[in-house]
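To start, the structure itself, in structure tokens.
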Amino acid sequence: MSEPKAVIITDYLTKTYGDVPAVEAVSMTVMEGEIVGLIGPNGAGKSTLIKMLTTLLPPSSGDALIAGYSILTAPAKVRAHIGYVPQLLSSDGNLTGYENLLMSARLYLVPHHEREERIRSALALMELADAGDRLVQHYSGGMIRRLEIAQAMLHEPAILFLDEPTVGLDPVARHGIWKHMRELRDRVGMTMLMATHQMDEAEALCDRIAILHDGRLQAIGTPGALKADVSPDATLDDVFAAITGSEIAKEGSLRLIQQGRSSAHAHS
Amino acid sequence: MPIPEPKPARAVLSYLTQIQAVADTEIRKLRRDPSELLTRAFQPVVWLLLFGEVMANVRGLNTTGQSYLDFLAPGILAQSVLFSAIFYGISVIWERDLGVLHRQLVSPAPRSALVLGKAVSAGARGVAQAVIVYALALMLGIGLSFRPFDILGVIALIWLGSALFSTFSLMIACLVKTRERFMGIGQVLTMPIFFASNAIYPIELMPHWLQSVSLSNPLTYEVDGIRTLMLQNGLSRYGLPIDFAVLLVLTGLCVAIAAHLYPRLAE
């Protein structure tokens with residue numbers, strides 16, 4: 001076993017819109033092979049943080065090293081080493097699953113002779129082998145999510161960023177996504193940073209949890225340690241309430257309905 | 001697996017592959033649903049059949065030895081290229097709202113490759129439009145040139161014009177970011193670009209100030225080039241090298257600016 005190494009290091013990462021801080025001086029570290037959950041209600045800054053780490057959004061100040069590359073000075077290198085499953089359903093409905101993956105394979109320069117094989121095995125891994133030649137607009141929500149994970153891992157990235165990977169899915173589909181995420185971690189040791197506002201999801205998947213509130217990192221630790229700090233029989237909801245003084249369920253519920261389009265326009 | 005460090009020859013090939021990634025998906029979608037091409041074909045039909053036939057009876061139009069319909073057909077072809085390309089930005093705003101664009105922007109592909117991919121697919125649309133205008137022109141008895149060099153030249157000009165106006169459109173889309181604002185600006189732009197050009201009348205008919213506007217309008221050079229190569233008795237006013245050079249330089253400029261602005265769409 002080699003020394004575990006840090007693959008995400010953020011250093012006082014900050015994003016402000018006008019005077020309003022969306023993310024404020026977030027410093028945290030994610031080790032190779034970890035699944036880390038970013039927890040917080042709507043507006044806590046989870047998506048903004050992930051957009052900065054995936055180089056979609058330039059930070060106002062601070063920096064981050066992703067797989068050893070700075071998001072400020074080497075964004076193209078960062079992009080080559082990461083996969084991203086955005087909050088919006090980003091597959092193109094007018095293309096087949098195969099065609100969506102073909103576009104990714106070309107954008108990420110998967111060698112020509114490996115393309116077919118990689119696309120087929122990614123489809124198989126996500127249990128989409130039979131659906132590959134169907135238009136994505138006929139897929140179910142769970143299938144689209146699985147396709148997007150397939151797209152994001154096609155180039156075998158070191159780190160996968162997922163923004164609310166199971167929002168809007170039914171329980172069966174959610175558990176399916178969880179299973180696939182665990183498999184990815186166990187099989188290829190992929191590091192994952194996942195934003196979620198669902199406590200059960202964080203508890204089921206994450207090695208460590210980072211609690212974000214009002215743009216600030218309030219706490220980070222294993223679910224067990226976070227709970228033990230509050231009380232012996234605390235739940236993650238209790239932890240969240242103790243740290244932020246509010247309940248995530250109340251703040252988060254409206255978002256389930258508004259999820260999707262609204263966030264696309266949030267900062268336009 | 002990290003992306004291999006590019007060697008020069010390989011770097012070019014990689015860049016082309018990334019352009020193809022975007023262009024190919026656009027062309028696949030167009031082939032799957034060509035209805036847009038057919039509805040867009042309606043406008044040139046109206047211009048040539050209604051406007052053209054009437055204006056052909058106006059004696060005062062000096063179209064340098066060509067019949068008015070001959071003069072008009074290349075202008076209408078250039079117009080259809082302009083109109084389909086100038087609203088290209090709307091599809092990118094749509095992709096931004098869906099999140100499709102974010103996927104392209106988190107890939108290591110250079111932004112200019114993503115923009116060029118769009119430009120190439122706009123060119124494919126333009127060429128499809130041209131086939132329809134040629135068929136129509138043939139039915140109207142317009143003296144078309146079918147020399148291979150001329151045809152290739154027209155295709156090249158259509159591709160360039162589509163690339164120019166579509167990337168110009170992308171630039172605007174990156175700045176305004178919403179469909180409503182974009183539609184407004186698109187409407188405001190198209191008519192002046194069209195009328196302040198040599199598309200439907202010789203610029204000698206214009207007052208002097210408008211002539212200078214026309215001479216700085218890229219559509220004028222697009223029309224001039226197409227008029228030269230599309231017709232049997234085509235004559236270039238400015239010279240084909242000038243026509244091509246103007247379009248090439250401006251396309252390069254628009255690609256560079258659009259590539260610079262493109263990441264704004266994901267913010």
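Here is the naming used below: chain letters follow the sequence lines, and residue numbers restart at 1 for every chain.
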One option among B/S107, B/P263, B/A266 has the most heavy-atom pairs under 4.5 Å with chain A, and it is B/S107

Heavy-atom pairs under 4.5 Å with chain A, option from B/V106, B/L114, B/T17 with the top count = B/V106

Go through A/T54, A/L57, A/L95 and name the one with the most non-hydrogen pairs under 4.5 angstrom from chain B.
-> A/L95

Mind listing the closest non-hydrogen atom pair of A/S91 and B/R103 along with its distance?
-> CA-NH1, 3.7 Å

Interface residue of largest heavy-atom contact number with chain A, from B/P110, B/G117, B/A113, B/A21, under 4.5 Å = B/A21

Heavy-atom pair of closest approach, residues B/R28 and A/L102 | NH2-CD2, 3.5 Å

One should read off an interatomic distance between A/N94 CG and B/T25 OG1, to the nearest 0.5 angstrom, of 10.5 Å

To the nearest 0.5 Å, atom CG of A/L56 lies from atom CG of B/L101 at 9.0 Å

Taking C-beta and beyond as the side chain, do B/Q18 and A/L109 meet within less than 4.5 Å on heavy atoms?
-> yes

Where on A/Q151 is there a heavy atom nearer than 4.5 Å to chain B: the side chain, the backbone, both, or neither?
-> side chain

Minimal non-hydrogen separation, A/R79 against B/L105, with atom names = CD-O, 3.2 Å

Between NZ of B/K29 and CG of A/L135, what distance do you get to the nearest 0.5 Å?
-> 11.5 Å

Kindly check if the number of other-residue, nucleotide or ligand heavy atoms within 6.0 Å of CG (A/D130) is above 12?
-> no

Heavy-atom pair of closest approach, residues B/E267 and A/K51 | C-NZ, 3.8 Å

Just give me the residue among A/S90, A/P75, A/G83 that pairs up with chain B most often, heavy atom to heavy atom, under 4.5 Å.
-> A/S90

What pair of heavy atoms forms the shortest contact from A/A76 to B/P108, and how long is it?
-> O-CB, 4.0 Å

